[in-house]
Protein chains: 4
Amino acid sequence: MTTTPPDVIRCAYAELVVSDLKASREFYVDVLGLVVTYEDDEAIYLRAFEEYLHHSLILRKGAEPALAVLAYRVRGEGELAVAEAYYRELGVEVRRVPAGTTRGIGEAVRVLDPLGFPIEFFYEAEHVERFTQRYDVHGAGALSRLDHFNVNTPDVPAARAYYEGLGFRVSEDIRDDEGTVYAAWMFRKPTVHDVALTGGAGPRLHHIAFATHERHQILHICDHLGAVRKSDQIERGPGRHGVSNAFYLYVRDPDGHRIEIYTHDYYTGDPDNPVISWDVHDNQRRDWWGNPVVPSWYTEASRVLDLDGKLQPVVERTETKEMDVTIGADGFSYTRADGADQGFKLGEQV
Amino acid sequence: MTTTPPDVIRCAYAELVVSDLKASREFYVDVLGLVVTYEDDEAIYLRAFEEYLHHSLILRKGAEPALAVLAYRVRGEGELAVAEAYYRELGVEVRRVPAGTTRGIGEAVRVLDPLGFPIEFFYEAEHVERFTQRYDVHGAGALSRLDHFNVNTPDVPAARAYYEGLGFRVSEDIRDDEGTVYAAWMFRKPTVHDVALTGGAGPRLHHIAFATHERHQILHICDHLGAVRKSDQIERGPGRHGVSNAFYLYVRDPDGHRIEIYTHDYYTGDPDNPVISWDVHDNQRRDWWGNPVVPSWYTEASRVLDLDGKLQPVVERTETKEMDVTIGADGFSYTRADGADQGFKLGEQV
Amino acid sequence: MTTTPPDVIRCAYAELVVSDLKASREFYVDVLGLVVTYEDDEAIYLRAFEEYLHHSLILRKGAEPALAVLAYRVRGEGELAVAEAYYRELGVEVRRVPAGTTRGIGEAVRVLDPLGFPIEFFYEAEHVERFTQRYDVHGAGALSRLDHFNVNTPDVPAARAYYEGLGFRVSEDIRDDEGTVYAAWMFRKPTVHDVALTGGAGPRLHHIAFATHERHQILHICDHLGAVRKSDQIERGPGRHGVSNAFYLYVRDPDGHRIEIYTHDYYTGDPDNPVISWDVHDNQRRDWWGNPVVPSWYTEASRVLDLDGKLQPVVERTETKEMDVTIGADGFSYTRADGADQGFKLGEQV
Amino acid sequence: MTTTPPDVIRCAYAELVVSDLKASREFYVDVLGLVVTYEDDEAIYLRAFEEYLHHSLILRKGAEPALAVLAYRVRGEGELAVAEAYYRELGVEVRRVPAGTTRGIGEAVRVLDPLGFPIEFFYEAEHVERFTQRYDVHGAGALSRLDHFNVNTPDVPAARAYYEGLGFRVSEDIRDDEGTVYAAWMFRKPTVHDVALTGGAGPRLHHIAFATHERHQILHICDHLGAVRKSDQIERGPGRHGVSNAFYLYVRDPDGHRIEIYTHDYYTGDPDNPVISWDVHDNQRRDWWGNPVVPSWYTEASRVLDLDGKLQPVVERTETKEMDVTIGADGFSYTRADGADQGFKLGEQV
């Protein structure tokens, strides 16, 4: 590459295609408590309590559930031309999108990135009231802000190299002794990630994540789903991640899109922030408490659209899959780091 | 029965036989943070931070892990004679135990109750410092007090009738439409239970439970076990119970004895406290969030000793087993109460 | 006394006269989140999330803010006659009140107790839905249940003797070396108190208290009041009490009635529960962190009505007042227990 | 200025002179739980649980309590020359400090900044174990990382202009209608601040702040100080700031140095992050709950040393003081934003 990448600040918003706006609204507004900035018969624009841009999530009505766009905010309007040149040199599809194409968002550049995802870069956006101290409307499970995207991609090292080219740095990854990389966490803002690359058939959206301040807010979301008899939308967790150290919960929206609720990762902003590599056989890497990862978490994800709104084809992963090495027939995991005193979690002898 | 039962206040202490005092100490003192009242080469006497009696748990060194005694406190010294008469009429083995037989405990009556458990009744006990406000020694996972015992017994209705005779009341139970009772929660102090009766091969001790004030204290115990690479001692949870509404965690000690950490149940002290009956097919009864109960939780439990310290024989349950109806081949569970829109938890398609 | 006192279970409900039902509703329902069982133009009947009786608080419209009744629940209908006889022997005014006199409450006995308070004893009450697991309606500051009453009375030892006669026991008190008693905490249910006796001009209602499960729920109520720009309704706290060890907050309703939000006291149900006496000069007795008690907390309280709805006259305290000995001109307080290294809180050199 | 400022990442460490290392250790290690990286008879080097540089706080034994240095980390070794040139052009005292002058820190540049503070810029530092997941040693009040410095300076607009020159941006400030600026919060890392400028006699150190993840960790520090009978070291709080929205606590170390424990501020990293200006008369600006600021918090602060270790002279503030306009004789504050319904907090009628 001879051109400079655009200066990305952070992950900024996602647009999901959903099949039933009313059902989605019950989930995202009534249960998760996101704030509605705007809604009509076609779409709902949502933000979390500490966000002042127009939205961090759009739910758009459509025939088939999918990811329509992942948007990164850049440091200024001038970065759009930089992005355009950068992706043209990369040889992928690039489009200028006029201001207002997406409600609340100024002029933007959209690309189909080398991993096959529909990505938008923008700077200008409408400001709305920041509800940081609107405790009169904060529920018991208040979400503070969008935290990160997590995508499935077959070749993690290739995806990592692409994102490093874009100026992202790695905070943590999962590997094995043979050099296979199963996942990598990459950031621009000084948290553990703006985007995680999870080895698997792709391009698919694994999940988007919102942050809370405290863990009890995540527990309340579980309690709330239980109260409305939708506990089956709780897919995995709550738990403590090994990677990132974050407290987490994975829930599935009415279309199966996966949302993570996330808190307590750590500051990564210094240039020498130590990278943590986890052994794929370490039973505490995905859950510090050793609780099992459910198979659907490994295998299911949302399809993604191209820039014309058509489903992108999915390419299978050819390298070893994390699910197979950790819970499959040939799998081998350990709880204790030294390997001498290994054991799986009690009770999982299904 | 023509005689009056003793006036039981609450569950008071348990004595467990453990195979390695040092390993047990690491678990109960270093991880769970219980306070050592006294210890020598044969036993460790422990209490939680808000307890002022000598101990609520004794770990006694022995060849084979087992439950040696479950002790209930009665309202006064005069209740010992009442207990003696009551159990003599019941026709079970009854012994007067002189003060000091158990360190810190006054004169007591020991019986092998009709369910086959070694039960002690006592009133007098040595008072020690109550560490309620000793925040300088409270760790991040501080336990407040013993909350309840949970025992496996083959015939739950029979066990319930026995405990009702002893003045306990039912707060909640698990049933099915055919009238099978799978479990019952019974109390004297005004919480959900002092003892839970869990249908299964018995007499066996399913677990003893300690209470914390807040949920983050329970989460810390998980984090701590992860940090010392003993996450495989986390058997089930953390989660929210449907029954009792308590937030829970089940951990296993080095001998496999099961300890629950428990908080947030509710006041049951009024005479008309409503009894809650849960359908055994309700997928949220054992975990409000629909997370699965691991098989070991259903099948494994601690053997119990008779009054001479010999292992009691175990009698199998002949009625339908909860594990079988909920996750077995013929099992059928639901998440939504109306039954119309039933579904299991996502991701559990193992 | 030759007659037996009625068997009181616990404090059960209070009725407050308020001047503006709409303003009170905003406070009790919109901010505190109490559940409305019934309301009309004359009164609002409220309960907390884990209560199944019709109400634990009634707000009744009236010209002058006051306490109309404090109600204790007794163990059964038969206790009404016991109560009637007991108070007749005490020589105070006693009335039988037909079922339904108070909406949701069965037949009752009302007395003007020797301390001058309008007290009701009842057993029968309408059951309503218990919202324990209705997490879909629990706000971030969810209240679980009524916890206690706190009353101002001039002569604490006399009031204590009266309540001991009624079967209440003392958990904690505040004294000085000369034998003056400034306050006492008394209970029937096994918490620190059902009623606290606070030395001061009386009869006046100092406050009623609701319990939460966790402290963050109390902090949210503060945040909420800040968000609606009513922080001046926060009178004292949040903080940790020395007495009771509870985490607390005092707020004032639109008429100035004081409500405490309270959590984390301890189990007191054993007959030998140790009584804790605090030195009135101990600067951590009222706030474990040494934060000052604001003067209004000592001096202001709600007037109480007699059985005909007229304001009871108030009698001044003649003994030394707690406020005077701790912050007055001749006051002397200490932070360290040994007295050798005494000091007031930094920064309070007003 | 014709030269470029150094690229500062964040506030990095402070060095405090303390009179009694043993007493300081009890406070910072035993109560606050900071991790000792190194200690000898002259100094203790401390870090919080998520920090991997050698220290974020040094306590150095000395005759007179003071601030010895505030250190900012720059983005690379090359920034040292940039810093040196920048401050030489500013005309203040500048010194190159060889690696190891401060244990664990590489080569550095020290300046006496235009506000009169001894400031260090460094990049190289020794890495030590990051205790993020060492939950076995995390106490109930675990501190995560250094968050910010807060300094007293007489002329806030001048100080703000100086820090803006250094590349810091303002997140919030406190003003009045006449244009007086009372305080400003400025950041490099995307939190509310790396340094706060508080109008007052200066140069003095108002406080340094450490972050926790959750509020209960801050509450525990209060409980712990109560338990060791040092509640008088709690100067102000806990509370919720209006400015920054953070939950806070101010404690004073044995020499009177002020430490804040801080959590829950918000992300400020986007270029258009809205600046919030608070009216100095807004009673919720310093405490969202309207709790009063104690006078010592306004008036007391730590003296600072020059580059030779001598006490810097202190210059009084000549503009209106925040304490005077808010609580003094001519003061006027409001709780409600519209001004129509103004009132002070109840109970503060001393």
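Proteins get letters first, then strands, A, B, ... in listed order; numbering begins at 1 in each.
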Could you tell me whether the side chain of D:Q284 and the main chain of C:G226 form a donor-acceptor pair under 3.5 Å?
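Pair found, side chain donor or acceptor close to backbone of C:G226.
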Hey, is the main chain of C:T335 close enough, under 3.5 Å, to the side chain of D:D232 for a donor-acceptor pair?
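No.
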Less than 4.5 Å apart, any side-chain heavy atom of C:L219 and any of D:R215?
yes
Sub-4.5 Å side-chain heavy-atom contact between C:L225 and D:W288:
no
D:N245 versus chain C, heavy atoms under 4.5 Å apart: side chain, backbone, both or neither?
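The answer is neither part of D:N245.
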Please round to the nearest 0.5 Å and tell me the distance separating atom SG of C:C222 and atom CG of D:N291.
7.5 Å
Rounded to the nearest 0.5 Å, how far does CH2 of C:W289 lie from CG of D:L249?
8.5 Å
C:D223 portion near chain D, given a 4.5 angstrom heavy-atom threshold:
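For C:D223, backbone and side chain are both near chain D.
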Do you know which of C:G242, C:G239, C:G256, C:A227 has the most heavy-atom pairs under 4.5 Å to chain D?
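Answer, by heavy-atom pair count under 4.5 Å with chain D: C:A227.
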For the residue pair C:R336 and D:R229, what are the closest heavy atoms and their distance?
NH1-O, 2.7 Å
